[in-house]
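Both counts, for ligands and for their atoms, begin at 1 and track the order of listing.
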Amino acid sequence: MSKIRVLGNDLINKIAAGEVVERPASVVKELLENSIDASSTRIEVEIRGGGIDYIRVTDNGCGMEEDDLILSFTRHATSKLTHEDDLWTINTMGFRGEALPSIASVAEVDVSSNNGESGLQITVNGGEISPVKPAAAPPGTSIIVKDLFFNIPARRKFLKTNVTEGNQIYEVVSKIALSKPEVSISFSNENRQVFMTSGDGVLINTVRSIYGKDYADKMIPFDHQFGDINAHGLIGRTDFTRKNRKGQSFFVNNRVIRSPLLSAALEDAFRGLLISQERPIGIIFLSLAPDMVDVNVHPQKAEVRFRNEQQIFQVLKTAVRETLYKSQNKGFTDIPSSSSASWASMKPSSVNYRTENAVKPNIDWNELFNESNHIFEAEQPAPPSSNFKLMGQWQDSYLIFQTEETLEIMDQHAAHERILFNQLQISEKGVISQELAVAVLVELAPDLIEQFESKEKLIRELGYEAQIFGERSIIIRSVPTMVAGNEVETLLEILDSTGEVDEWGSSFDKGLKVMACKGAVKAGQKLSRDEMEELISEWLKTPEKYTCPHGRPVCISYDSLELARAFKR
Ligand code: ADP
Ligand code: MG
């Protein structure tokens with residue numbers, strides 16, 4: 001007789017319950033996520049006996065009709081995933097359709113629901129579904145889970161005390177509440193309200209409702225866009241830390257996750273600012289295209305896998321470091337603070353590498369290494385503003401240098417772009433321009449002529465002196481010094497990329513970005529040692545240095561810890 005048997009439904013559900021329903025907190029997590037997926041704006045969570053005796057989650061969401069109510073307790077029945085393709089672009093919290101049947105196989109579950117038309121009620125006890133009865137339920141859904149693991153004594157024995165289980169539930173509810181500031185979520189334990197968020201959509205208000213006013217007052221907000229990736233949230237001031245990682249909450253596309261990678265990035269950004277046992281606090285949200293992250297790697301969906309871990313690490317680290325830098329402007333031994341005084345004295349275009357006059361020595365990598373080792377051994381302390389040692393240029397595009405604690409790889413173009421953009425922005429005299437020895441006549445396509453006409457003022461402010469000449473040409477007499485040699489190309493790009501004129505401020509800024517980009521040293525351009533050093537020391541003085549004006553990272557830094565990690569030491 002064959003030894004292989006198809007498992008009965010009840011057993012399958014119990015096995016799945018082992019994965020999805022580990023403890024009361026996992027039940028609460030699943031129920032809360034279902035309420036959120038049901039577009040609720042108000043959710044109440046009540047527990048008793050550490051959630052082992054009683055859990056109730058009540059929402060004002062879309063509710064369920066009779067057929068759905070029965071189907072919701074059928075394994076792999078879900079309203080959230082219709083095509084296999086959806087699995088990679090999932091936006092709802094749940095999607096596996098396992099939670100309710102799993103929970104119902106190990107507890108007594110009462111559901112009442114009203115989809116706006118009629119109230120209904122069912123009971124599922126150890127997997128047995130009762131007939132649907134009409135009930136006087138308000139719109140939304142209320143699910144009660146009683147006597148968890150009543151039919152699996154072994155599992156029940158593994159649970160901790162009611163207090164510990166209750167704390168875990170608190171963690172789950174508070175994190176989900178943080179991830180949804182637009183939903184009012186309340187939590188009560190043993191009939192006592194622990195917190196209630198307002199649901200006004202403002203993260204700091206949610207933090208205040210959950211953790212209190214003192215806590216919220218010590219948080220610094222941030223919001224950074226790096227290409228397609230957004231990092232935002234709140235980080236704790238450097239004098240507000242914990243001894244463990246309990247103060248760190250991470251959300252990827254608004255889903256609560258655990259992530260050693262993101263913790264490491266956050267802690268890395270604080271490096272040098274905290275003493276060794278202190279851990280930074282952060283409530284951190286990353287938003288990225290759904291296909292850049294796989295959420296289906298963990299039964300409780302508590303972990304995710306990023307397509308490009310290195311990139312995510314850098315994005316978060318850069319965002320946090322920049323925020324810290326801006327918020328206190330001190331504490332970075334390797335990064336001198338910039339005062340506005342030193343700003344004013346800095347001449348625009350003090351760093352200006354032109355392709356034509358750039359010296360192009362062939363850098364001997366070995367020699368540079370030896371040389372820098374030599375400098376390293378010298379006793380003289382370097383002046384604070386040049387507290388770095390150049391190691392060389394790689395592929396004529398990246399500058400490698402070291403600071404006291406880190407090894408840095410800098411994108412020379414991005415760094416220079418940032419420097420030039422900031423110089424343009426703060427220049428009091430406006431954009432510096434120079435007259436061309438011979439005026440240049442440029443023929444333009446009709447749509448660009450139109451653009452030119454509507455943007456004459458903008459173009460003048462950006463340092464060009466140019467007029468329409470004849471029907472389809474313009475004549476250029478003066479050009480911004482920064483882009484001399486590239487003036488026509490730059491002008492065309494400005495015309496094309498500055499958008500509508502009524503967005504004046506942003507058009508001007510976009511114009512400056514184009515100029516900074518065109519004026520900056522290119523990737524693939526050899527630089528002399530002096531040029532490299534000047535570029536790095538200017539960069540170190542530049543605010544918002546960690547990103548180029550388009551939001552891309554400028555510098556990747558490694559410390560000995562990261563290298564040791566990479567080498568698995
Ligand atoms: P999943 O969330 O993965 O779809 P669940 O077992 O958690 O699977 O839920 C099954 C289905 O029950 C959901 O797809 C949804 O249609 C319905 N459902 C569960 N909870 C609620 C709720 N609070 N409000 C409305 N519908 C719900
Ligand atoms: Mg679910």
- Is any N or O atom of Leu100, backbone or side chain, closer than 3.5 Å to an N or O atom of ligand 1? yes
- Note on the structure: Any heavy atom of Asp59 under 4.0 Å from ligand 1? The part involved is side chain
- Under 3.5 Å donor-acceptor, Ser113 side chain and Met64 backbone: yes
- Query: Is the closest heavy atom of Ser102 to ligand 1 under 4.0 Å?
  - Reply: no
- With Asp59, which of Ser142, Ser39, Ser35 fulfils side chain to side chain donor-acceptor pair (under 3.5 Å)? Ser35
- Query: Would one find an N or O of Asn34, backbone or side chain, under 3.5 Å from an N or O of ligand 1?
  - Reply: yes
- Would you mind finding which of Ser35, Ser142, Ala38, Ser72 brings a heavy atom closest to atom 25 (C) of ligand 1? Ala38
- Item | Residues which pass ring-ring contact (aromatic ring centres under 6.0 Å, His included) with Phe306, listed by chain and number, not counting sequence neighbours | none
- Any N or O on Glu30 sitting closer than 3.5 Å to an N or O of ligand 1? no
- Report yes if the distance between the aromatic ring centroids of Phe149 and Phe158 is under 6.0 Å, otherwise no. no
- Could you say whether the N/O atoms of Ala99 and ligand 1 ever approach to under 3.5 Å? yes
- Note on the structure: Interatomic distance, CD@Glu108 vs CG@Asp110, rounded to 0.5 Å, equals 5.5 Å
- Message: With heavy-atom distances below 4.0 Å as the criterion, list the atoms of ligand 1 near Pro101.
- Response: 6 (O)
- How does Ser40 reach ligand 1, by side chain, by backbone, by both or by neither, if only non-hydrogen atoms under 4.0 Å count? neither
- Query: Where the side chain of Arg42 meets the backbone of Ser184, is there a donor-acceptor pair that is under 3.5 Å apart?
  - Reply: no
- Message: Restricting to side chain to side chain contact (heavy atoms under 4.5 Å, CB included), what partner residues turn up for Ala289, sequence neighbours left out?
- Response: Asp291, Met292
